[in-house]
Amino acid sequence: MKKIFALILVSFLFINTYGQDEIPPQPITTGVPFLLIAADARAGGMGDIGVASSSDAFSQQWNPAKYAFAIAKQGVGVTYTPYLSNLVNDIFLGNLTYYNRLNERSAVAGSFRYFSLGDIELRETIDQTPLIQSPNEFTFDLSYALRLSDRFSMAVAGRYLRSDLKIQASNEDATAASSFAVDVAGYYQSEEIAMNDFNGRWRAGFNISNVGPKIKYDEVGQENFLPTKLGIGGGFDFILDEYNKIATNVEFNKLLVPTPKDFNGDGVLNSEDADEYNSISFISGMFKSFGDAPGGFSEELSEVTWALGAEYWYQDVFAFRTGYFNESEDKGSRKFLSLGAGFKYTSINIDLSYLFSTSKVRSPLEGTLRFGLTFSFGDEYDEY
C-alpha cells in the first residue's frame, strides 16, 4: 500500500484541493514533472539554482551554454537522489552526464536521467503470486555550446523523453508515452574585476527548456504539456584572496504553460473547460502563459518562483553551500532551505546536499541526502 500511495503522491505532486463555491488560483500541472527536480547535489545545496552559477559537469540540466566555460576539458558526473525516502526506499532519481570541451570556443555534452517509482506488487488476494510492475520515466539528451564572444556563449540541446507509468494489469493495451524537446540557453561570464579590497566577477544566464509537443499515453487520453520553463539568473563572485571565494546567486523561473481556468465563465471547472485547455497547442501555450492568469498581473507574478543561493570555496578544495527556494502558496507552495557541501581531491569532486521544508506542504525531498560524484580529466583551460 505504501508503494501505491507513493505513486499517487508523485503523480499529483503539484495539485491542491479547493472548495467548490469558488475557483481559486489554479496551480499549473504538467507531464513528466520529475524534470523539475534538481538532479545534482551542488544545485540542490543552493536552493535549486543552476542557470547562472559557474560551470560544472551537471550544467546540462540547468544551462548547457556553461560548458563553453568549463575548466577541465572533459568530465563525467553521477548523481543519486532518493525520493519520498520517508515512505519507501526504492523511488529515486539518477543522473549520468558527460561533457567534452572540444576547444577554446565549443563543447558538447550528453546526459541520461532516470526516475524510478520502485516496484509495485499487484494481487487480488493475499495468497496470490504478485504481479510486479516497475513504473519509470527517463530522458536522454545531447547539447552543443558555442562561445559567440570571449565572454558570452549559447547552446542548444535536444531531448528524448519516455514515461512508462501505466499499469498493464488495469489496461492490457497500456503503452509508454514519449515525446521530444529542445533547450535554448545563453551564459555570460565577465573578466575578473579589481575592486578596492577584493576582486569580483559577474555571471548571468538564461535557459528556455523542454520546448516540445505534449505527451500522450493513448489515443483517447488527455494530452499533457511538458514542463516548458524559462529560467533567468545572475550572480557575482567575491574573490577575497587566492584561498577564499564566495559566489552569490539569484534565479527566477516560470513555467511557459497556460494556466487552467474557467473558460466558459459558468463559475466551475468542468469537462468543457478541460477540453478547451487541452486544445491549446504547446507553442500557443508558451505565449499565452505570460498573460492568461485569471487573477491578472498579480497572479502571473505568483507563477514565478525565485531562489537565492551562496557558495563558499576554500582553496578550491572545500565548499559550503546554502540556498532558499520560494513558490507561491497558490501555485504549489514549494518553500525550502537547503544546505550543501563539496570536497575536491585532485580530479574527483564529491557533493552532498540536504533540504529543510519551510512550507506547510512538506517536500518529497525532506530528510533526503543527495549525493553527487564528478570525475574531471584532460587538460585545463585558463578561464580566470
Side-chain angles (χ1 to χ4, degrees), residues 40 42-43 49-78 95-112 141-159 182-195 198-209 231-239 242-243 245-249 251 311 313 315-317 319 342 344-349 351 372-384:
D40 68 286
R42 183 193 178 209
I49 281 180
V51 171
S53 58
S54 58
S55 177
D56 62 12
F58 305 109
S59 298
Q60 185 85 333
Q61 176 182 356
W62 305 102
N63 186 343
K66 297 193 298 183
Y67 284 125
F69 288 85
I71 300 299
K73 178 174 175 57
Q74 299 182 67
V76 175
V78 181
N95 182 45
L96 174 65
T97 304
Y98 166 78
Y99 79 88
N100 187 338
R101 187 168 173 183
L102 304 175
N103 50 48
E104 292 279 352
R105 308 199 69 84
S106 63
V108 295
S111 71
F112 176 74
D141 44 47
L142 297 171
S143 69
Y144 176 74
L146 178 66
R147 287 171 79 152
L148 304 181
S149 70
D150 289 342
R151 295 290 131 199
F152 179 73
S153 64
M154 290 196 68
V156 293
R159 178 170 298 111
V182 297
D183 298 356
V184 179
Y187 179 70
Y188 168 81
Q189 181 174 279
S190 75
E191 295 181 351
E192 192 169 319
I193 305 168
M195 306 289 186
F198 60 88
N199 290 352
R201 181 186 301 109
W202 289 101
R203 292 173 281 100
F206 73 88
N207 188 18
I208 304 173
S209 58
I232 300 174
F236 185 80
D237 296 338
F238 294 86
I239 306 171
E242 60 179 321
Y243 301 114
K245 181 179 73 174
I246 300 174
T248 57
N249 304 275
E251 186 170 313
E311 178 180 50
W313 274 99
Q315 286 190 327
D316 287 331
V317 172
K344 181 178 180 180
Y345 177 74
T346 62
S347 61
I348 300 174
N349 274 52
D351 296 303
L373 186 64
T374 303
F375 300 91
S376 302
F377 45 94
D379 297 333
E380 291 193 351
Y381 290 88
D382 184 12
E383 291 295 340
Y384 305 118

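We're numbering straight along the sequence, starting at 1. Only a predicted model underlies this, so the values are computations on that prediction, with no experimental measurement involved. Side chains included, hydrogens not; waters and symmetry mates left out as well; all remaining heavy atoms used.
Residues forming a side-chain contact (heavy atoms from CB on, under 4.5 Å) with A43 (at least two apart in sequence, or on another chain): D40, W62. Partners of F198 by ring-ring contact (aromatic ring centres under 6.0 Å, His included), not counting sequence neighbours, listed by chain and number: F238. Every residue was checked against the side-chain hydrogen bond (donor to acceptor under 3.5 Å, both in side chains) condition with N207, not counting sequence neighbours, and none meets it. Among residues two or more places apart in sequence or in another chain, the side-chain hydrogen bond (donor to acceptor under 3.5 Å, both in side chains) test is passed with S209 by none. Contacts of N100 classified as side-chain hydrogen bond (donor to acceptor under 3.5 Å, both in side chains), with partners at least two apart in sequence or in another chain: Y98. Remark: A155 engages P64, A65, A145 in a side-chain contact (heavy atoms from CB on, under 4.5 Å) (not counting sequence neighbours). Listed by chain and number, the residues in a salt bridge (charged side-chain N to carboxylate O under 4.0 Å, His left out) with R159 are D141, D183 (sequence neighbours excluded). When the ring-ring contact (aromatic ring centres under 6.0 Å, His included) test is applied to F375, no partner is found at least two apart in sequence or on another chain. In this structure E251 satisfies the side-chain hydrogen bond (donor to acceptor under 3.5 Å, both in side chains) test together with N253, sequence neighbours excluded. Judged as a side-chain contact (heavy atoms from CB on, under 4.5 Å), and not counting sequence neighbours, the contacts of L146 are R105, S106, Y144, L148. Listed by chain and number, the residues in a side-chain contact (heavy atoms from CB on, under 4.5 Å) with I232 are F206, L230 (sequence neighbours excluded).
W313 CH2 to K245 NZ: the interatomic distance, rounded to the nearest 0.5 Å, is 8.0 Å. To the nearest 0.5 Å, atom CD of residue E380 and atom NZ of residue K73 are 12.5 Å apart. Summarising the geometry, atom CD1 belonging to I193 is positioned 6.0 Å from atom CZ belonging to F236; distances are rounded to the nearest 0.5 Å. How far CG of L373 is from CG of D351: 9.0 Å, rounded to the nearest 0.5 Å. Residue Y187 holds its OH atom at 10.0 Å from CZ of R151, rounded to the nearest 0.5 Å. Within the model, atoms OG of S54 and CD of E311 stand 5.5 Å from one another, a figure rounded to the nearest 0.5 Å.
Within the 4.5 Å cutoff, no side-chain heavy atoms of S347 are placed close to those of F377. Within the 4.5 Å cutoff, side-chain heavy atoms of V108 are placed close to those of L102.
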Intermediate values then yes/no, side chain to side chain contact (heavy atoms under 4.5 Å, CB included), V184 and M154: CA-CA 8 Å; V184 179; M154 290 196 68; 4.1 Å; yes
Test log, rule side chain to side chain contact (heavy atoms under 4.5 Å, CB included), inputs N249 and R203: CA-CA 9 Å; N249 304 275; R203 292 173 281 100; 2.9 Å; yes
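Under a 3.5 Å cut-off, the side chain of Y381 and the backbone N or O of A70 do not form any donor-acceptor pair. Looking at R147, its side chain does come within 3.5 Å of a backbone N or O of A68 through a donor-acceptor pair. The main-chain N or O of K66 is found under 3.5 Å from a side-chain atom of S55 such that the two form a donor-acceptor pair.
Of all heavy-atom pairs spanning K344 and D316, the tightest one is CD-O, 3.5 Å. Across all non-hydrogen atoms, the minimal contact from A109 to Y99 is CB-CB, 3.8 Å. The two atoms that bring N199 and A194 nearest to each other are OD1-CA, 3.4 Å, heavy atoms only. The shortest non-hydrogen separation linking A57 to T374 is CB-CG2, 3.7 Å. A107 approaches R101 most closely through the heavy-atom pair CB-CA, 3.8 Å. When every heavy atom of A185 is checked against every heavy atom of N63, the shortest pair comes out as CB-OD1, 3.1 Å.
Between Q61 and S111, the side chains place no donor N or O within less than 3.5 Å of an acceptor N or O (distance only, hydrogens not considered).
Applying the 6.0 Å contact sphere to CG of N103 captures more than 12 heavy atoms from other residues, nucleotides or ligands.
Listed by first then second residue, pairs satisfying salt bridge (Lys or Arg N to Asp or Glu O under 4.0 Å) with a partner in residues 52-61 read R42-D56, not counting sequence neighbours.
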